[in-house]
**Q** 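Below you'll find the structure I mean.
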Amino acid sequence: MSMWQRISLIFRSKANKALDRAEDPRETLDYSYQRQLDLLAQVRRGVADVATSRKRVELQVNQLQAQSDKLQGQAEQAIKASREDLAREALTRKSGLTTQITDLKTQQTQLQGEEEKLTLAQQRLSAKVEAFRTRKETIKATYTAAEAQTKINEAMSGIGEEMGDVGMAIQRAEDKTAQMQARAGAIDELIASGALEDASSLNQGDDIARELEAMSSQTEVEAELARLKGGSAPQAIEGGQDGGEILQAEPQAQSQAPSQSSGDSSEEQK
Amino acid sequence: MIVRILGEGQYDLSDDAVSALNDVDAKVESAIEAGDDASFHTALTTLLDGVRTAGVPHDADSLDSSDLILPMADATLGEVKDMLSDDGLIPG
């Protein structure tokens, strides 16, 4: 027997098993209708769950992208300052993030696909459930219990097949979402623990940021010095007495944020 | 004949169209038996495309059961094997 015949036979036998539940066949209709409504609710929850997972992944992509942009900026800054070593470090960290981002974007696409599939499944099932409800009322109103059996069988096998199909779709979407949630959870933990953030702004990364900052403040100081020296001689001499405090005060004010520049200011004092 | 593609819905196909696609169905089946993943995917894709092309969507609010049922487009070989065993994938 061919594959498609075998699959349809298996579906039919499962749908038939669901038939033998009630004494009065018309009760089977109500029982089945209740199950259909339950399944419909389950699909709606499924759509919502997948959408939540997709949004979570989207958020993570955005967070990692922002981090990656920051590292790119730092690399450019480092190149301008002729610090190839720092630029290389920043780009290395960025490439680690790029892999993660590509990965997450693939997941995002997959989740989007599952969401669309489930939404369509929901629409199909809704149409069938509504048709079943109408048919159920007609059967209950028109036929005696004995007569109803054939009509019920027809309606039940059609809806049973649809339910089996939708049930599988939900199962597959849940499996895929569960796998991705485990990974998304791991990335959330990384972000929350600051490990990714650290890469460029707090601990390890701060060495890039801190060095760049120190260098730029040093450059500013040099420029300021050059400007002062370039000015008229009397001013420079006056500056030599009063300006000493200014030179001292400025780097100290800056040093409140980056702790390292206190070293710079002491150098300036000499 | 009514053919269902799982996850997609039902299509109406003429008997001629179905018998024309029987060969492709046989290819899918032999790929499953051989455990040949690549030819399984090729044959399944051809079969599903054939159904979509030759068929027209069956009424959305009908309660008719299908004559033939096909796996979803992204089904794996393992999934279809499970589907073909009675207590496999298909929820009872």
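Reminder, nothing fancy here: chain letters follow the sequence lines and each chain counts from 1.
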**Q** Please determine, among B/Ser66, B/Ala26, B/Ser62, B/Ala60, the option with the most heavy-atom pairs under 4.5 Å with chain A.
**A**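 Highest number of heavy-atom pairs under 4.5 Å: B/Ser66.
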
**Q** So what's closer than 4.5 Å to chain A heavy atoms on B/Leu47: side chain, backbone, both or neither?
**A**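 Only the side chain of B/Leu47 comes within 4.5 Å of chain A.
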
**Q** At a heavy-atom separation under 4.5 Å, does B/Ile5 approach chain A through its side chain, its backbone, both, or neither?
**A**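 Contact with chain A is through the backbone of B/Ile5 alone.
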
**Q** Against chain A, label B/Asp61 side chain, backbone, both or neither, depending on which of its atoms sit under 4.5 Å from a heavy atom there.
**A**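 Answer is both: backbone and side chain atoms of B/Asp61 are under 4.5 Å from chain A.
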
**Q** Please say whether more than 12 non-hydrogen atoms of neighbouring residues, nucleotides or ligands are located less than 6.0 Å from NZ in A/Lys176.
**A**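 Above 12, so yes.
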
**Q** Against chain A, work out which of B/Ile32, B/Asn22, B/Val3, B/Asp64 has the most heavy-atom pairs shorter than 4.5 Å and name it.
**A**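 Answer, by heavy-atom pair count under 4.5 Å with chain A: B/Asn22.
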
**Q** What part of A/Glu162 gets within 4.5 angstrom of chain B, counting heavy atoms only: side chain, backbone, both, or neither?
**A**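 It is both, since atoms from each part get that close.
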
**Q** Can you confirm whether the side chains of B/Asp67 and A/Trp4 place a donor and an acceptor under 3.5 Å from each other?
**A**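 No, because no side-chain N or O of B/Asp67 sits under 3.5 Å from a partner of the opposite role on A/Trp4.
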
**Q** Pick one of side chain, backbone, both or neither for A/Lys117, based on which atoms fall under 4.5 Å of a heavy atom in chain B.
**A**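 Answer is side chain: those atoms of A/Lys117 sit under 4.5 Å from chain B.
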
**Q** Below 4.5 Å, heavy-atom pairs only: which of B/Leu70, B/Ile2, B/Asp25 has the largest tally toward chain A?
**A**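 Among B/Leu70, B/Ile2, B/Asp25, the one with the most close pairs to chain A is B/Asp25.
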
**Q** Can you tell which part of B/Glu8 gets under 4.5 Å to a heavy atom of chain A, answering side chain, backbone, both or neither?
**A**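 For B/Glu8, the backbone is the part near chain A, not the side chain.
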
**Q** Check each atom of A/Glu130 against the heavy atoms of chain B and say whether the ones under 4.5 Å are side chain, backbone, both or neither.
**A**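 No part of A/Glu130 comes within 4.5 Å of chain B.
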
**Q** Would you name the heavy atoms of A/Ile10 and B/Leu84 that are closest together and state the gap between them?
**A**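 A/Ile10 and B/Leu84 have their closest heavy atoms at CD1-O, 3.4 Å.
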
**Q** Any side-chain heavy atom of B/Pro71 within less than 4.5 Å of one from A/Met3?
**A**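 SC-SC contact between B/Pro71 and A/Met3 confirmed.
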
**Q** With only heavy atoms counted, which part of B/Asp74 is less than 4.5 Å from chain A, the side chain, the backbone, both or neither?
**A**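 Answer is both: backbone and side chain atoms of B/Asp74 are under 4.5 Å from chain A.
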
**Q** Hey, could you give me the CE/CD distance between A/Met168 and B/Glu79, rounded to the nearest 0.5 Å?
**A**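 Between atom CE of A/Met168 and atom CD of B/Glu79 there are 7.0 Å.
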
**Q** Is the OH atom of A/Tyr33 crowded by more than 12 outside heavy atoms at less than 6.0 Å?
**A**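 Enclosed: over 12 neighbouring heavy atoms sit under 6.0 Å from OH of A/Tyr33.
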
**Q** Would you give the length of the straight line joining atom CE of B/Met72 to atom CG of A/Asp165, rounded to the nearest 0.5 angstrom?
**A**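 Answer for the CE-CG pair, B/Met72 versus A/Asp165, is 7.5 Å.
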
**Q** Which residue, A/Glu161, A/Met156, A/Glu154, forms the side-chain contact (heavy atoms from CB on, under 4.5 Å) with B/Ser65?
**A**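 In the set A/Glu161, A/Met156, A/Glu154, the residue that makes a side-chain contact (heavy atoms from CB on, under 4.5 Å) with B/Ser65 is A/Glu161.
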
**Q** Working to the nearest 0.5 Å, report the span between CG of B/Leu68 and CG of A/Leu9.
**A**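 If I round to the nearest 0.5 Å, the distance is 9.5 Å.
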
